[in-house]
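Below is one structure, written out as structure tokens, with a few remarks after it.
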Amino acid sequence: MRLTVNGEPGEFPEGLSVAHLVAELGLQERRIVVEVNRVILRRDQYGAHRLVAGDEVEIVHFVGGG
């Protein structure tokens, strides 16, 4: 299915959950915020929220440092 992730279109497996997308991208769930179609998801929703073709996903990855 076709998704747009952080403004970049791409092909992903059907039925992909947000948690699987995050893992596929190699990100750690604790340091990110995910928005799907302009709705911010709570972390406990990542596993249950299934993405569908045409979804627009924004992932903000927090990086520590000083």
Side-chain angles (χ1 to χ4, degrees):
M1 74 180 154
R2 194 152 184 86
L3 303 173
T4 302
V5 179
N6 289 353
E8 297 291 327
E11 289 293 327
F12 296 89
E14 293 286 335
L16 187 70
S17 71
V18 169
H20 284 117
L21 175 64
V22 167
E24 190 168 301
L25 296 174
L27 300 173
Q28 295 180 359
E29 286 187 19
R30 292 181 3 181
R31 295 184 179 190
I32 62 170
V33 172
V34 178
E35 178 186 280
V36 178
N37 300 326
R38 300 180 185 218
V39 176
I40 295 174
L41 299 179
R42 295 187 323 264
R43 189 169 297 126
D44 64 353
Q45 295 175 305
Y46 292 0
H49 189 97
R50 300 289 172 192
L51 297 165
V52 297
D55 277 349
E56 294 185 17
V57 181
E58 294 291 330
I59 301 173
V60 177
H61 184 215
F62 297 101
V63 178

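Please read these numbers as outputs of a predicted model, since none were measured by experiment.
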Separation between CZ (Phe12) and CE (Met1), nearest 0.5 Å, reads 8.0 Å

N/O donor-acceptor pairs under 3.5 Å from side chains in residues 46-61, not counting sequence neighbours:
residue	atom	partner	partner atom	Å
Tyr46	OH	Val34	N	3.4
Arg50	NH1	Gly15	O	3.1
Asp55	OD1	Asn37	ND2	2.8
Asp55	OD2	Val52	N	2.9

Within residues 5-28 or reaching into it, pairs that qualify as side chain to side chain donor-acceptor pair (under 3.5 Å) - sequence neighbours excluded
Arg2-Glu11, Ser17-His20

Residues, nucleotides or ligands: over 12 heavy atoms within 6.0 Å of Leu27 CG
yes

Do Val22 and Val33 sit in one hydrophobic cluster, given that two such residues count as connected whenever their side-chain heavy atoms are within less than 4.5 Å of each other, even indirectly?
no

Does Ile40 share a hydrophobic cluster with Val18, counting links as ILVMFWY side-chain heavy atoms below 4.5 Å and allowing steps through other members?
no

